[in-house]
There are 2 protein chains.
Amino acid sequence: MAETPGGESLLFLTDEQLRKGIEAMFFAYRGFTADPDRILGGMDYGRAHHRAIHFIHRSPGTTVSNLLLILGVTKQSLNRVLRTLIEDGLVRSEKGKVDARERHLHLTDKGQMLERELSDAQRARMRAAYRAAGPQAVQGFRQVLEAMMDPEMRRQYNRLKEGG
Amino acid sequence: MAETPGGESLLFLTDEQLRKGIEAMFFAYRGFTADPDRILGGMDYGRAHHRAIHFIHRSPGTTVSNLLLILGVTKQSLNRVLRTLIEDGLVRSEKGKVDARERHLHLTDKGQMLERELSDAQRARMRAAYRAAGPQAVQGFRQVLEAMMDPEMRRQYNRLKEGG
DNA sequence: CTTGGAAAGTCAACAAGGCTGACGTAAATT
DNA sequence: AATTTACGTCAGCCTTGTTGACTTTCCAAG
């Protein structure tokens, strides 16, 4: 077993270990999105709507530009999703009072209900995984994921974290 | 800090902690796919081609049905991807000798080269994340991801693992 | 040997959700 | 007054997923 001068194992850096990590990400992400996808399948919405709803819930009053930064899509793509959510009365968009060019986004009661349904399902799976793996594993899980992000995304992630 | 009778922390099971895990998955997956996406952007290929190439590399001689199980898409969807890869000489498809209905898939030399390029990039990121987080964290990372998979996907994942 | 069903492939049509490019409007900034 | 910013929108394209219908090939059981 390979050892560093400091004595830690380096076995975890073999190509084979890295490939397993890659495959674990692939299969786990499928599970991660499976429940919301199933719920949204019945309605006219998809994963893109879920993401918008999630981050509007997370940062009520956020602007369109901010959402664009977080989601990393074009405004045309986001707009298509946002328009249907507003039309269907799940999201409310208000002109900014200090800067009237900005639109501040909030979930309506109806939007809150759907958010709840989606996040209940997703959190149930996450909770089961956390419980099965234990607190120590959860810490490692978050550390590796954070290290895997692009720096700009890590900034966004940490900005969101501050609230919690 | 909430404690169980056994004494372990339960803080990691709060809704807020679960939400952070969800967001970590979202942002990390973006990083995870960013490098291959960038490489494939130049060519006529996309993420679907990458997945096919990855699993054919991983299980040379695998059949179309097996690939369908692993990828979880329809045969029509996979076939479109596979056809272009075969036409372009990245993948070789051979009739089975024991069961001639089956097609056994292999990467050609050209296919190996692209696989190498893609996985080098993806492994480099994974390696950096692993190194930054350390072996203990990596173990936890894999435990949580594995617990997050659907049982059927976990079976597929573990079947792949055996080889390594 | 025949037939039923599995494995693979194909065609057509469609939808979600990305993208680019161009354009318009209102509001803020310089 | 001119420029920039934030947002919305139209049009068109691509990838990648879907369903449904159909064919060919082939194994295996009756």
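Chain letters run A, B, ... following the sequence lines, proteins first and then strands; every chain starts at 1. FYI, side chains are in, hydrogens and waters are out, and symmetry mates aren't considered; it's all heavy atoms of this structure.
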- prompt: Looking at Arg83(A), does any N or O in its side chain come under 4.0 Å of the phosphate oxygens OP1/OP2 on dT9(D)?
  reply: yes

- prompt: Closer to the 5' end of DNA chain C via nearest nucleotide, is it Gly96(A) or Asp44(A)?
  reply: Asp44(A)

field: Side-chain donor/acceptor contact of Arg47(B) with base of dG18(C) under 3.5 Å
entry: no

task: Keeping the roles fixed (side chain from Arg38(A), backbone from Thr33(A)), state whether a donor-acceptor pair exists under 3.5 Å.
output: no

Nucleotide dT15(D), atom C1' - distance to CZ of Arg51(B) in whole Å: 11 Å

Arg80(A) CZ - dC14(D) C1' separation (whole Å): 12 Å

statement: Checking His104(A), Arg103(A), Arg101(A) against Lys95(A) for side-chain contact (heavy atoms from CB on, under 4.5 Å), the one that qualifies is Arg103(A)

message: Show, in sequence, the C-alpha distance, side-chain angles and deciding distance for Glu146(B) and Tyr157(B), and conclude whether the side-chain contact (heavy atoms from CB on, under 4.5 Å) test is met.
response: CA-CA 8 Å; Glu146(B) 194 162 343; Tyr157(B) 170 70; 3.7 Å; yes

task: Grab the CG-C1' distance between Leu67(A) and dA6(D) for me, whole Å please.
output: 14 Å

Collect all protein-nucleotide pairs involving nucleotides 23-30 of chain D in which both atoms are nitrogen or oxygen and the distance is under 3.5 Å.
{"residue": "dC26(D)", "atom": "OP1", "partner": "Lys95(B)", "partner atom": "NZ", "Å": "3.1"}

field: Between P of dG8(D) and CG of Leu82(A), the distance in whole Å
entry: 7 Å

- request: Assign each of Tyr45(A) and Ser93(B) to its nearest nucleotide of DNA chain C by heavy atoms, then name whichever residue's nucleotide is nearer the 5' end.
  value: Ser93(B)

task: Mind listing the residues from residues 68-79 of chain A sitting with a heavy atom below 4.0 Å of DNA chain C? Number order is fine.
output: Gly72(A), Val73(A), Thr74(A), Gln76(A), Ser77(A)

message: Taking Leu105(B)'s backbone N and O only, do any of them form a donor-acceptor pair with Ser93(B)'s side chain (distance below 3.5 Å, no angle check)?
response: no

message: Is it the case that the side chain of Arg154(A) and the backbone of Met149(A) share a donor-acceptor pair, with hydrogens and angles ignored and the cut-off at 3.5 Å?
response: yes

field: ring pair (Phe, Tyr, Trp, His ring centres under 6.0 Å): pairs with one or both residues in residues 34-54 of chain A, sequence neighbours excluded
entry: Tyr45(A)-His49(A)

query: Which is it for Asn66(B) and Thr62(B) under the side chain to side chain donor-acceptor pair (under 3.5 Å) test, yes or no, and what are the steps along the way?
result: CA-CA 6 Å; Asn66(B) 185 42; Thr62(B) 189; 2.5 Å; yes

task: Would you please confirm or rule out a distance under 4.0 Å between OP1 or OP2 of dT15(D) and any side-chain N or O of His49(B)?
output: no

- prompt: Glu87(A) has an atom CD; how far is it from atom C1' of dG8(D), in whole Å?
  reply: 13 Å

query: How close or far is atom P of dC19(C) from atom CZ of Arg38(B), stated in whole angstroms?
result: 14 Å

task: Take the protein atom CG of Leu85(A) and the nucleotide atom P of dG17(C), then report the distance between them rounded to whole Å.
output: 10 Å

field: Spacing between Leu105(A) atom CG and dG8(D) atom P, to the nearest angstrom
entry: 8 Å

- prompt: Do other residues, nucleotides or ligands put more than 12 heavy atoms under 6.0 Å from the CD atom of Glu115(A)?
  reply: yes

query: Do side-chain atoms of Thr108(B) reach the backbone of Gly89(B) as a donor and acceptor pair under 3.5 angstrom?
result: yes

